[in-house]
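Comments concern the structure below.
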Amino acid sequence: MTKIKNLADLRELKDKLQSKTKLRDKSESPDQLVQIKVAMATCCIASGSRETMNYIVDELDKRNIDAVVTQTGCMGYCYAEPTVEVIVPGKEPIVFGYVDAKRADEIIEKYIKGGMLVEGIIPVNYKKIDQ
Amino acid sequence: MKDISYHILDIARNSLNAGANLIEISITEHNDTGELILQIRDNGYGMTEDMLKRITDPFFTTSSTKKVGLGLPLLKQNAELTGGCLRIESERNRGTLVTALFHQFHIDMIPEGDLAMTFRSLISSNPESDFLYRHRADEGEFILDTAEIRRELEGISLNAREVLDYITDYIRENLKALKIKEM
């Protein structure tokens, strides 16, 4: 029988993490970072937003992109779940719909890294000409 | 909702939206009777008596972006399909306790799902909140207490990937030790 594990080896993890320089407090300057908000309400969860979010968190880390990933409530686009709002510093927020792992990969590679727009944008952040 | 892990994520999100910073989640399984009790307790704003009465009505919501609120009604449905039930207790400014009883031997029982992934996503986007997860079965029990991990790590954020990996492994291995099938 496998033994129930306790938190004993946490200290080891702490020492390992403290020696890494890349760890810094992201909350200090969130305006300078890419912000990603993954909608995580009932509709979103049922459509796979948990998987989308975990994928995004892991991939950003693997690709060395500094970003803050948070969960948000239902944005009202339940037909297009999972939805993800991406705010690149200096740019208008963009909401993407139908974000599975494949589309999340496109958003990271093309939009966040390359500045190119990809399919699936939900046009919500437009402004009128006279504004 | 396909499984219990998604329900936990969904209900815990309600708690976080209600301003909770401590969410206690417990799963207790009895092998002999097949009963599974899921409890989610928070220290959020709680609900008024009037809200509490309407909370399992799918057309009741406090959201302004949609006209339905399906989280608790779906949990109630899934519990009742197995012959179980849902109970919600709440006190204004004290918190809310959601208890769902499932009968695991029933043909309509949903799987427990990927519990580690649910906690991973909750902790990674709410590193300042505390989660206390306790899983009990006949084989034993284990506890994941983020407050304890936070104390040990002294200032390292809980959403560092190495910490999330550690927590994920911790849950996975312990579920295996308790002989709990996740999928």
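Chain identifiers are assigned alphabetically (A, B, ...) following the order of the sequence lines, protein sequences preceding nucleic acid strands; residue numbering begins at 1 within each chain.
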Shared hydrophobic cluster for [X] and [Y] (ILVMFWY, side-chain gaps under 4.5 Å):
{"X": "B:Ile143", "Y": "B:Phe131", "answer": "no"}
{"X": "A:Ile87", "Y": "A:Val69", "answer": "no"}
{"X": "B:Ile27", "Y": "B:Ile88", "answer": "yes"}
{"X": "B:Leu122", "Y": "B:Leu132", "answer": "no"}
{"X": "B:Ile40", "Y": "B:Leu97", "answer": "no"}

Chain A contact via [X] - which portion, at a heavy-atom distance below 4.5 Å:
{"X": "B:Ser64", "result": "neither"}
{"X": "B:Val68", "result": "neither"}
{"X": "B:Asp165", "result": "neither"}
{"X": "B:Arg120", "result": "both"}
{"X": "B:Ile11", "result": "neither"}

Residue, of [options], that accumulates the most heavy atom pairs under 4.5 Å with chain A:
{"options": "B:Pro127, B:Ser5, B:Gly155", "value": "B:Ser5"}
{"options": "B:Lys66, B:Glu152, B:Glu141", "value": "B:Glu152"}
{"options": "B:Gly69, B:Ser121, B:Ser63, B:Gly140", "value": "B:Ser121"}

Contact listing (chain B partner; residues 39-60 of chain A; heavy atom under 4.5 Å): A:Met40, A:Ala41, A:Thr42, A:Ile45, A:Ala46, A:Arg50, A:Glu51, A:Met53, A:Asn54, A:Val57, A:Asp58
For [X], is the [atom1] atom crowded, meaning more than 12 foreign heavy atoms sit under 6.0 Å from it?
{"X": "B:Arg87", "atom1": "CZ", "result": "no"}
{"X": "B:Arg94", "atom1": "CZ", "result": "no"}
{"X": "A:Lys113", "atom1": "NZ", "result": "yes"}
{"X": "B:Tyr45", "atom1": "OH", "result": "no"}

First locate atom [atom1] of [X], then atom [atom2] of [Y], and finally report the distance between them rounded to the nearest 0.5 Å.
{"X": "A:Lys16", "Y": "B:Glu162", "atom1": "NZ", "atom2": "CD", "answer": "6.0 Å"}
{"X": "A:Leu13", "Y": "B:Ile156", "atom1": "CG", "atom2": "CD1", "answer": "7.0 Å"}
{"X": "B:Tyr166", "Y": "A:Leu17", "atom1": "OH", "atom2": "CG", "answer": "11.5 Å"}
{"X": "B:Ser125", "Y": "A:Ile36", "atom1": "OG", "atom2": "CD1", "answer": "12.5 Å"}

- prompt: Quick one: does A:Gln71's side chain get under 4.5 Å of B:Leu9's, heavy atoms only?
  reply: yes
